[in-house]
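Each residue takes its place number in the sequence, starting with 1. Please read all numbers here as calculations on a predicted model, not as lab measurements. For ligands, and for the atoms within them, numbers begin at 1 and follow the listed sequence.
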Amino acid sequence: MSKISTQTLYNKKSIKNRNNCMTSTQDPSLLADDKRHVWHPYSSTHSDVPVFAVKSAEGVYLTLEDGRQLIDGMSSWWCAIHGYNMPVLNHAIRQQLDKMAHVMFGGLTHAPAVELCKKLVEITPERLETVFLADSGSVSVEIAMKMAVQYWHARQRPSKQKFISLKNGYHGDTIGAMSVCDPVTGMHTLFNDMLAKNYFVPSPTCTFGEPCQAEHLKELSLVLEGSHDSIAALILEPVVQGAGGMKFYSAAYVAQAKTLCEKYDVLLIADEIATGFGRSGKLFACEHANISPDIMCVGKSLTGGYMTLAATLCTKEISDFISDNPPHIFMHGPTFMGNPLACSVALASIKLLLSYNWQAKVERIEGWLSKGLEPCNHIEDVADVRVLGAIGVVELKNRVNMPKLQQAFVDAGVWIRPFGTLIYLMPPYIIEEPELNKLTNAIIDVINNGKHR
Ligand SMILES: *Cc1c(COP(=O)(O)O)cnc(C)c1O
């Protein structure tokens with residue numbers, strides 16, 4: 001591969017300070033005020049899971065307020081694919097900041113948004129030609145769902161307002177997105193009267209790399225056959241189910257599901273918010289299945305982890321039908337739509353990704369993860385170990401003890417954030433083998449020492 005070294009990708013300057021920054025001290029009032037006033041994602045205000053204050057981040061390292069440095073195994077939840085504090089991305093934001101931070105998108109447009117949308121159309125599967133910019137992944141899913149419903153309305157099929165999704169699926173936390181998330185982990189009973197009732201089919205049992213038989217899609221075809229008149233779209237995360245269980249399933253399932261959708265006049269929405277931009281080994285996970293969805297959501301690593309931004313792409317057929325039929329407009333318009341700072345850093349991030357042989361790098365990470373996590377297969381408490389692209393997962397037989405395990409990882413000098421029974425890695429693509437080995441060795445050590453129990 002055209003080897004791009006970690007050094008060329010991020011600042012050398014502060015890397016050499018890595019080991020001599022034990023001087024600053026943790027401000028105890030920061031964590032106390034945090035505990036008193038601040039909600040964290042999916043958390044209790046009375047949680048005994050520790051929270052750590054970060055002072056800065058650079059490359060694959062997070063520096064805590066007390067000076068400790070952690071190797072980042074999470075890319076801040078799939079986002080920071082190029083690592084932190086990247087000079088080219090910083091530069092893109094600074095340059096845009098000097099021109100304008102934001103301007104409304106109703107009736108106005110600007111180069112960062114137009115260039116980004118053009119680039120997205122160019123790199124995503126063919127047929128996707130129109131881009132709707134949104135603020136976050138969940139919102140892009142809401143938009144995708146509304147597009148599907150408006151499309152069928154325009155096609156004189158107003159009864160098609162429901163969705164099918166896969167169990168173990170995750171599509172976001174807003175009310176519409178929640179209605180297509182796994183009903184158990186999404187706590188549908190808690191929100192019973194609030195969530196739209198949609199259709200769920202079992203999560204695919206054919207794993208990645210395996211073929212897929214008709215029996216694997218039996219439930220999906222039964223629901224489509226019986227209820228397609230009321231179904232606008234099938235929504236799924238192609239190949240990798242993320243937050244709903246970190247499962248990798250057969251690309252053939254995605255391809256065959258697409259064929260079924262066509263047969264029954266149901267759109268396919270590909271939620272690539274987690275998988276987009278190379279994480280699964282392809283630029284978009286749909287490419288494993290060689291399909292082009294009708295609607296696609298991207299987010300997370302779209303800006304290289306710099307700012308919140310997402311996009312919903314659709315075919316020209318969908319945007320044309322919606323525009324040519326009453327009410328002649330698409331009924332959505334975020335205040336911060338197309339934020340210029342976010343668009344310019346997204347464009348810079350995509351250009352950076354395409355500027356080097358990222359496939360070879362993700363492949364190498366896949367190899368290091370497979371080798372590094374292999375010993376976990378021989379540990380009693382481990383149920384499964386799986387790796388795909390730059391994603392490595394260790395599934396335990398029981399739920400982890402979060403307070404103890406989280407502290408143990410930080411003590412080991414790594415940032416790994418488990419959930420449920422899962423300990424997983426999705427490092428920035430700039431990581432090198434020694435740093436990745438520290439992450440995998442930390443996982444083996446904590447499990448061997450029972451720190452997960
Ligand atoms: C994270 C995620 C979302 C939600 O994105 P937010 O930016 O958190 O709103 C939706 N779908 C998938 C597959 C995700 O991984």
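For the residue pair S138 / T174, no side-chain donor-acceptor distance below 3.5 Å is found, with atom types taken as modelled. H288 and S280 are linked by a side-chain donor-acceptor pair at a separation below 3.5 angstrom, with hydrogens and angles left out of the test.
A salt bridge links E262 and K258; the closest N-O separation between the charged side-chain nitrogens and carboxylate oxygens is under 4.0 Å. Ion pair E317/R127 not flagged as a salt bridge, since none of the NZ, NE, NH1 or NH2 atoms sits closer than 4.0 Å to an Asp/Glu carboxylate oxygen.
At a 4.0 Å heavy-atom cut-off, ligand 1 touches E237 through the side chain alone. Both the backbone and the side chain of Y170 come within contact range of ligand 1, each with a heavy atom under 4.0 Å.
H228 and Y264 have tilted rings, their planes meeting at an angle from 30° to 60° on a 0 to 90° scale. By the 30° and 60° cut-offs, the orientation of the rings of H102 relative to F336 is tilted.
Numbered from 1 in the order shown, with element, the atoms of ligand 1 that lie under 4.0 Å from a heavy atom of H171 read 10 (C), 11 (N). Every atom of ligand 1 is numbered from 1 in the order shown, and the set under 4.0 Å from a heavy atom of G172 is 4 (C), 10 (C). Near K300, with a cut-off below 4.0 Å to any heavy atom, the atoms of ligand 1 are 1 (C), 2 (C), 3 (C), 14 (C), 15 (O). Of all atoms in ligand 1, numbered sequentially from 1 with element shown, those under 4.0 Å from a heavy atom of S136 are 7 (O), 9 (O).
Within 6.0 Å of atom NZ in K35, more than 12 heavy atoms from other residues, nucleotides or ligands are found, so the atom counts as buried in its surroundings.
Residue-to-ligand polar distances keep I273 apart from ligand 1: every N/O pair is separated by 3.5 Å or more. Considering backbone and side-chain N/O atoms, D271 comes within less than 3.5 Å of an N/O atom of ligand 1.
Among all protein heavy atoms, the one lying closest to atom 5 (O) of ligand 1 is G137 CA, 3.2 Å. Scanning the protein for heavy atoms near atom 8 (O) of ligand 1, the closest one is S138 OG, 4.3 Å.
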